[in-house]
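Worksheet for the structure shown next.
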Number of protein chains: 2
Amino acid sequence: MATGRTHRPATRSRGIPEATVARLPLYLRALTALSERSVPTVSSEELATAAGVNSAKLRKDFSYLGSYGTRGVGYDVEYLVYQISRELGLTQDWPVVIVGIGNLGAALANYGGFASRGFRVAALIDADPAMAGKPVAGMPVQHTDDLEKIIEENGVSIGVIATPAGAAQQVSERLIAAGVTSILNFAPTVLSVPDGVDVRKVDLSIELQILAFHEQRKAGEEAAAAGTGPVAEAAAGAGTGTGTGAAPAAAVEPPAGRAAAAAAARKGGPEGDVPAVMPA
Amino acid sequence: MATGRTHRPATRSRGIPEATVARLPLYLRALTALSERSVPTVSSEELATAAGVNSAKLRKDFSYLGSYGTRGVGYDVEYLVYQISRELGLTQDWPVVIVGIGNLGAALANYGGFASRGFRVAALIDADPAMAGKPVAGMPVQHTDDLEKIIEENGVSIGVIATPAGAAQQVSERLIAAGVTSILNFAPTVLSVPDGVDVRKVDLSIELQILAFHEQRKAGEEAAAAGTGPVAEAAAGAGTGTGTGAAPAAAVEPPAGRAAAAAAARKGGPEGDVPAVMPA
DNA sequence: CAATCTTTGTGCACGCGTTCACAAAGACAT
DNA sequence: ATGTCTTTGTGAACGCGTGCACAAAGATTG
């Protein structure tokens with residue numbers, strides 16, 4: 001899950017739990033696929049499988065929206081697509097601006113998944129004067145100076161920040177001052193925003209780090225299950241302060257990246273008394 | 001939150017709660033910033049603010065790792081950076097492959113946040129023969145035919161999928177068969193993978209949809225607070241089945257009605273066959 | 001029309017995650 | 001050395017989310 005909630009104390013928005021809201025787009029995607037195959041109805045079981053969730057959870061989620069199913073039959077695909085779209089607010093047009101047209105910003109500008117969901121890229125904005133006027137995704141990049149004007153003229157309420165981390169806070173402040181009340185933040189920074197503004201963040205590096213954690217754990221378990229070898233011994237020796245935590249870390253040693261991994265493992269050796277130098 | 005967990009029933013990985021693991025990278029980022037400013041120690045309060053979380057939560061998170069703080073003083077920045085890095089497995093080298101070098105894949109390849117966290121892009125892979133050999137981020141794109149060979153030779157255990165939705169499942173199967181056990185999926189599809197394989201997904205469109213939901217809600221509340229106008233009237237009139245849910249949603253609903261709205265929802269192009277550019 | 005079968009909608013219990021609040025621990029001043 | 005002050009680490013309570021299991025509802029069949 002590349003998503004990260006931010007602020008908003010999971011406040012149950014008018015009865016619909018946050019967790020349910022987060023799954024609605026998932027259901028919608030599965031339903032749209034069914035709709036395209038002209039499937040008239042689905043059971044909660046089928047749809048749940050397609051969306052990758054539990055069927056009981058799905059039924060409970062739908063129960064928050066109302067009773068749109070027919071017992072003994074299932075759900076009408078078209079009708080459900082409509083209901084969820086309406087609930088999510090996708091039956092209206094949402095103009096968005098993308099600020100920071102680097103590699104990622106350009107990729108977002110070219111992304112087809114926005115338009116198909118009611119989102120319209122109203123403008124691309126970048127601080128680099130050299131970018132101004134250059135076409136990206138068939139649309140001229142505009143300069144940051146005009147940010148406020150663009151927001152107001154297009155009635156933009158959703159902004160996407162794809163700038164470097166250093167610029168993100170300032171950009172968010174300008175966006176908010178100009179009227180934006182929802183921000184999707186790709187910059188690796190915590191944005192501080194006033195109440196009433198929603199921020200969701202996507203941090204690619206964080207997702208990878210979470211995967212690395214589990215990967216390391218898996219490797220550690222494998223090593224442990226493989227019986228006692230020199231590796232396991234080393235792990236046991238290192239485990240002093242952290243208790244359970246120490247073992248997997250030392251036992252990781254993947255069959256890959258031999259030299260590099262060995263060097264890394266060596267540096268992390270004895271519990272805690274290492275310079276602890278971490279590149280940013 | 002662009003992330004979505006997948007599978008893995010929130011199994012508390014060796015004592016450390018999933019929720020805590022997901023926040024460790026956040027703390028690490030904040031700590032790294034402090035480290036660069038040569039700040040020697042931080043209190044839980046300061047660090048929590050920098051990471052955008054509650055200080056009690058932060059302390060509890062750290063308590064799962066061990067007792068690394070000093071009462072009355074706080075935490076030693078360098079030492080904590082090291083401990084968290086070690087816990088996350090970032091003290092070793094993680095070779096990753098990126099499959100699908102469209103706009104997003106290229107953006108990921110150029111993304112600096114990987115290398116700085118112990119992740120090394122070992123190869124870029126694309127199915128388009130025309131892409132083969134073309135340099136992206138100073139690295140030649142390789143053809144899908146060599147996928148298995150690349151995975152094995154580099155000991156890759158983490159794969160990033162940035163292909164169109166239609167290709168994602170097949171790509172994941174090949175990655176897994178070749179030895180990959182963790183996947184970061186940017187394609188807008190539910191991947192079905194065997195036990196023991198971790199999948200995390202990032203769906204840009206889903207994030208925007210969640211923002212739209214809250215945005216709509218805010219607009220609805222405003223309208224309601226603004227007193228009764230033609231809008232509020234229409235909302236009241238349209239509110240039939242959803243109960244409380246109907247009001248805000250109906251306020252933005254076009255006069256079109258059921259058929260048109262359903263058609264609009266349908267318009268979203270074929271789910272899977274995105275222009276081979278950017279999944280989501 | 002009655003019996004059967006399918007599938008929804010939900011009451012309930014359980015577990016994870018969050019937050020509060022405070023005692024224990026250590027630094028620092030006197 | 002003693003006292004004060006700061007900040008950690010955590011026990012306990014609470015709330016949200018999940019999953020089970022089943023009654024109710026409706027379709028379908030004879």
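Quick note on labels: first sequence line is chain A, next is B, and so on, each numbered from 1.
- Between the CD atom of E18(B) and the C1' atom of dT18(D) there is a distance of 16 Å, given to the nearest Å.
- The two residues K218(B) and S182(A) have their closest heavy-atom pair at NZ-OG, 3.7 Å.
- Taking 3.5 Å as the limit, the base of dT7(C) and the side chain of R71(A) contain no donor-acceptor pair of atoms between them.
- Listed pair Y75(B) / dG9(D) meets the phosphate criterion, a side-chain N or O lying under 4.0 Å from OP1 or OP2.
- Atom pair Y64(B):OH and dG11(D):C1' shows a separation of 12 Å (rounding to whole Å applied).
- Across the interface with DNA chain D, nearest-nucleotide mapping of G72(A) and D61(A) shows D61(A) to be the residue nearer the 5′ end.
- Atom OH of Y68(B) is separated from atom C1' of dG9(D) by 14 Å (rounded to the nearest Å).
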- How is the base pairing of DNA chain D summarised as a dot-bracket string, given the Watson-Crick and G-U wobble criteria with both distances under 3.5 Å, [ ] for crossing and | for another strand? ||||||||||||||||||||||||||||||
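- Residue K60(B) places a side-chain atom within donor-acceptor reach of the base of dT19(C), judged by atom type and a 3.5 Å distance cut-off alone.
- Note on residues 60-72 of chain A: pairs passing salt bridge (charged side-chain N to carboxylate O under 4.0 Å, His left out), not counting sequence neighbours, are R23(A)-D61(A).
- At the phosphate of dA21(D), neither OP1 nor OP2 sits under 4.0 Å from any side-chain N or O atom of R59(A).
- In the model, E87(B) has no side-chain atom that pairs as donor or acceptor with a side-chain atom of Q83(B) under 3.5 Å.
- Comparing atom distances between the A19(A) side chain and each of dG17(C), dG17(D), dA25(C) picks out dG17(D) as nearest.
- A donor atom on one side chain and an acceptor atom on the other are found under 3.5 Å apart for S205(B) and Q209(B).
- Rounded to an integer number of Å, the gap from CG of L65(B) to P of dT8(D) is 15 Å.
- For the pair T32(A) (side chain) and L28(A) (backbone), a donor-acceptor distance under 3.5 Å is present.
- At a threshold of 4.0 angstrom between heavy atoms, the contacts of F62(B) with the nucleic acid are absent.
- Between Q169(A) and S192(A), the side chains place no donor N or O within less than 3.5 Å of an acceptor N or O (distance only, hydrogens not considered).
- In this structure a side-chain-to-backbone donor-acceptor pair under 3.5 Å is present from Q216(B) to R86(A).
- Distance check: L208(A) CG to W94(B) CH2 gives 11.0 Å after rounding to the nearest 0.5 Å.
- With dT10(C), dC20(D), dA27(D) as the choices, the nucleotide that has an atom nearest any side-chain atom of S63(A) turns out to be dT10(C).
- Ring centroids of Y79(B) and Y68(B) are separated by less than 6.0 Å, placing the two rings close together.
- Within residues 43-50 of chain B, no residue is approached by DNA chain C to less than 4.0 Å at the level of any non-hydrogen atom.
- Atom NZ of K57(A) is separated from atom C1' of dC16(D) by 13 Å (rounded to the nearest Å).
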